[in-house]
Amino acid sequence: MNRRTFLKALLSGCALASLPAAGWALDRQHRVTIARLQLPGGNDNPRPGALRRFLQEVDKRTSIEVDTEIPSVAPRRSELFEYPFVFMNGDGAFDPLDDDAIADLRTYLLSGGFMFVDSAEGLTNGPFLESVQREMDRIFPDRSLKTIPRDHTLHETFYLIDRPVGRVDVAGNFEAIEDGDRLAVVVNANDLLGALSRDTLGNWEYDVSPGGDRQREMAFRLAINIMMYALTVNYKADQVHIPFILRRRRWRVDD
Amino acid sequence: MFSFGDYNTSDLLWLGEFSPRWIALLIVLGIGVLAFSYYDLRDLKRVRRWVLIALRGLVFSLAVFLLLEPALDMRQTSKVENHVAVVVDTSQTMALKTEDDRTRFERGVEALEEFGPLEQASEGEHFFDYFTYGDELDTTTRESIAAMDPMAESADLTGALHEVEQHYADKDLAGVVVITDGIDTGAIGQRTARGEEDKLDEQSRRFLESLDAPVHTLAADGDTSMRDLAISRVLHDDFAFVHNKMTVDVEIQAVGMDTKTVPVRLRRDGEELQTQNVQIHPEESTYEVTFEFVPEEIGKEVYTVDVPEYENEALYENNEHHFVLRVIRDRIRVLQVVGRPSWDQRFMRRLLKQNPNVELISFFILRTDENPQLVPQDEMSLIPFPTDELFQDELGSFDLVLFQNFNFGPYNMRRYLDNISHFVRDGGGFAMLGGDLSFASGGYAQTPIESLLPVELPTSTARSDVMDSEHFNPEVTEAGHRHPITQLAFDPEDNEQRWADLPPLRGSNIVEGATDDATVLAEHPHQTHGGEPMPVITVAERDEGRVMAVTSDSTWRWGFEHVGEGGTPRDYQSFWNSAIRWLIQDPELKLVRVDTNRDMIPPDSPLDATVRVYEPDYSPATDAEGTLTIDKSPLHDIGDGTDEAAGHYETTSFSTDHNGEWEYDGRFTEPGIYQLHVEVPSDAGTLTDENLVLVAPDVSQYRDIEPRNELLAQISEVTGGYHTVLPEFSPGQLHFNEPRHVEVHRRDVVQLWDSLVLFVLILALLGVEWTLRRRWGRL
């Protein structure tokens, strides 16, 4: 590259960077993103960049158009209702949410909002999940977390998944809170984002346990399914899909 | 002194106001005195001792008697006549002939003639009141009944007995005489099944016993003289769902019929639908047949169940039964086709899934050829997009097709676009929702879909020419404030405020205005085309079908984000639910409607029909001109050589009033099926609506004509009455309750205690006791 070429490239770059916001908005207004939920007194972003990786993978593998800008939202209705999908991530205990936040989260989740809780602790009963349990009991005093069976639609929204693994495989099932025929809150103890994290050089940030490329690939598939579930809910439970899914599951078992 | 001869009844009274406790105390005191005397006089001889005790007891008793102030209530009285209710059935079945060629009613009238002497013989004891009943109880006279024709359309004997009970609630009922054939369309008749000796149920028994008077039943006809085959009952729902199985249960009564096979036929709008054979045996009278069929079209249909007419039947009117069935849409079948998962699709699916009237078939494109397939197909849940099935084989089964941010190009679908166009023009609904794969971005310009859409598409596909990113609140047009889709509130100001309160939409597809025949319900506040605001929500009629365009993919924010702002999802739900109803042409939302006040009327009865015409924005169409055409079809087989053929009956031109309405007052003298067809020319083509009314004689009374003498015998038995079958009738067998009330003409109360004789008697007894006691050596 000579100096003239470099200057042209620099000018072009500056011109692109100065494109009006409307240009971005045009592309982004129909795109789907996930908001990260802010947690008081705790680390709500233990896997920086992993959500972006998550969305990039969704963009690559599915027809969903994503916006990889990850907004961080307070548990307030004024912010929550911009984003129908919020992600709660943590690696330790956090302080109790105030009463207004509890009421707003309840309204949000019962109005169609979806929350995925991912523990980076790699434990089924770590301080983070204990805090989550405490807050869920406050948000939904009338219902409790239930174990999600392996044949739930969540495991077949895009890929056929037998076991929801992440960086670790300490919990064989998701737990969830239901709202009618859909899951409003899904809790994962297997550190899904940990399996997706890469460092700035593109290397995997954490080893998966018990290990293997297959486990990491299955974690990516699980991430895709979660995004699909947030958007299509029980679409794959429609009658038209059932024979196909049953046939493929049977084929795989027989094989 | 008084003479007992003036009085015919008397009672003993006690005027002294002593309570039972005081009387008991006096008795105890007397016993105590006598016991003491018995002890005190123990040294006297036995006879003397008892004489003195007897004297003392007598004196004490007389004293107590005086203390109680006895009196004699003497009355001269006479009885008050109580009432005999004579109740005569004047229903239609009473006009049927009996074996002696007289009608049942004539037999009843003949029996009534015996009541003249009976009345005279009962004078002073019973008064005879005469009533007739059919639908209700009417007061009449014996002479008037003889001149009547039995025409009532029901025979509510139970209701009549209830009314008799109320009529005499404050009077003395001596008894009831019922002259009827025993057919009771009321509760007792319904509750008591034929056969099994017409055993009365407990509730009926309790009611009859509560009358506390004998019910004498004079049956107008014997059980064995008649021959008849009747459709006695047809059980069916008032409405049925199209394409869903419908069941009709038919009950047939056969009386006096020989063994034979009888074909029972079900016809729809005059054409035979099904026939079932029933084997008739003389020993059985009731038979049941069940028809199952599937209504194929929405609307009203006239069904007829009939059996053949055999020689010497008592009547033929009950050999067929007509009814009107309203066939309605089962569930709205909606096909939702989505180009890629999005929040707009997610909330729309949720809305449709939550609507119990919607059967939703969704197809989402989850992966395109641009997405690399990194895993084997068998590890994915994806299925091929079944374009053939959806847009060729099954398209006609849907009521509404939604293209939600869907581009047809990658799926080799161009060949199906004509099908979709035909589907809509044949009466289907179609809506296109916005997004970067919709409208011009979806490549629909210059395709059959563009000719369907109510908006013009730009021919350019450059992104800036087809998409606008501005956030905006759509402005509801004047038409929009009246249209059911965008009318969130009836009051235009409230409606405007409701729309203003909704969260803004995030961007829009760019369109080049509405088509000429479209109605713009909401428009962009800033974007224009050709000087006109750009439409955002637009609807139009396309031949028989309807279409809608919403040029945004963010209406979901009205249902979700609005909650975050303190609102409710109600407006979002109302908007889309109304849109669906309008698109599928819910009858409530048609632009012209003809409604009748009744589905079935007897001949020569008035029919009120109302024609309502609306403008495309649902404001009343004042002075709208149109025609009402009435065609008449015969009730019986078409072309059987005996009945008239279908034909034109009447055509009337009309003009609507300021409410957009026109009233038709008709009266049809001949039985038949009258089809009402309304046509109103409009800019969008001729608006039409249809309705029908069935004109048929009301022969419900003839459904069950076999006399129910066993039921009448049971009624008499329960109440202690007399039962006979006319013409056998012995008036002397009728007995009634004695009058319970008397009238007092003269009364006198004689105080028995206020008598000198009694006082002297007491003194004399005391003197005797004193004398004897002294002589027998006692002080």
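All chains are named by letter (A, B, ...) in the order of the sequence lines, taking the proteins before the strands, and each is independently numbered beginning at 1. Everything quoted here is computed from the prediction, not taken from an experiment.
Using a 4.5 Å heavy-atom cutoff, the side chains of A:Glu156 and B:Met380 are not in contact. When side chains are defined from C-beta on, A:Thr157 does not count as touching B:Ser381, because their heavy atoms never get closer than 4.5 Å.
If you measure heavy-atom distances from A:Asn234 to chain B, the contacts under 4.5 Å come from both the backbone and the side chain. For chain B, no part of A:Thr153 is nearby; none of its heavy atoms comes within less than 4.5 Å. In this structure, chain B has a heavy atom under 4.5 Å from the side chain of A:Arg182, while its backbone stays farther away. For B:Gln377, the parts sitting under 4.5 Å from any heavy atom of chain A are the backbone and the side chain alike.
Between the side chain of A:Thr62 and the backbone N or O of B:Arg367, no donor-acceptor pair lies under 3.5 Å. At least one donor-acceptor pair closer than 3.5 Å links the side chain of A:Tyr235 to the backbone N or O of B:Phe364. The backbone N or O of B:Pro372 sits nowhere less than 3.5 Å from a side-chain atom of A:Lys60 that would complete a donor-acceptor pair. At distances below 3.5 Å, at least one donor-acceptor pair connects side-chain atoms of A:Arg77 with backbone N or O atoms of B:Val563.
What you find for A:Glu217 and B:Val375 is that their closest heavy atoms are OE2-CG1, 3.3 Å. A:Glu57 and B:Leu374 get closest at one heavy-atom pair: OE2-CD1, 4.4 Å. Of all the heavy atoms in A:Leu160 and B:Asp378, the pair that sits closest is CD1-O, 3.6 Å.
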Start with the C-alpha distance between A:Arg61 and B:Gln373, add both sets of side-chain angles, then the distance that settles side-chain contact (heavy atoms from CB on, under 4.5 Å), and finish with yes or no.
CA-CA 7 Å; A:Arg61 298 190 187 205; B:Gln373 184 172 332; over 6 Å; no
Could you give me the CA-CA distance, side-chain angles and deciding distance for A:Tyr108 and B:Phe560, then say whether ring-ring contact (aromatic ring centres under 6.0 Å, His included) is met?
CA-CA 9 Å; A:Tyr108 170 81; B:Phe560 186 66; 5.6 Å; yes
Could you walk me through whether B:Ser362 and A:Asp238 pass the side-chain contact (heavy atoms from CB on, under 4.5 Å) check?
CA-CA 8 Å; B:Ser362 296; A:Asp238 284 3; 4.0 Å; yes
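More than 12 non-hydrogen atoms from other residues, nucleotides or ligands lie less than 6.0 angstrom from CZ of A:Arg143. Enclosure of atom CG in B:Asp369 is not indicated, since only 12 or fewer non-hydrogen atoms of other residues, nucleotides or ligands lie within 6.0 angstrom. Atom CG of B:Asn244 sits in a crowded spot, with more than 12 heavy atoms from other residues, nucleotides or ligands closer than 6.0 Å.
Using a cutoff of 4.0 Å between basic side-chain nitrogens and carboxylate oxygens, A:Arg214 and B:Glu379 are scored as salt-bridged. No salt bridge links A:Arg31 with B:Asp436; every basic N to acidic carboxylate O contact stays at or beyond 4.0 Å.
Within residues 384-414 of chain B, the residues having any heavy atom less than 4.5 Å from a heavy atom of chain A are, in residue-number order, B:Pro384. Below 4.5 Å, heavy atoms of chain A meet heavy atoms from B:Gly339, B:Arg340, B:Pro341, B:Ser342, B:Trp343, B:Gln345, B:Arg346, B:Phe347, B:Arg349, all part of residues 335-349 of chain B.
Options A:Pro84, A:Ser78, A:Gly180 differ in how many heavy-atom pairs under 4.5 Å they form with chain B, and the most are formed by A:Pro84.
Separation of atoms CD1 (A:Ile224) and CG (B:Leu366) is listed at 11.5 Å; rounding is to 0.5 Å.
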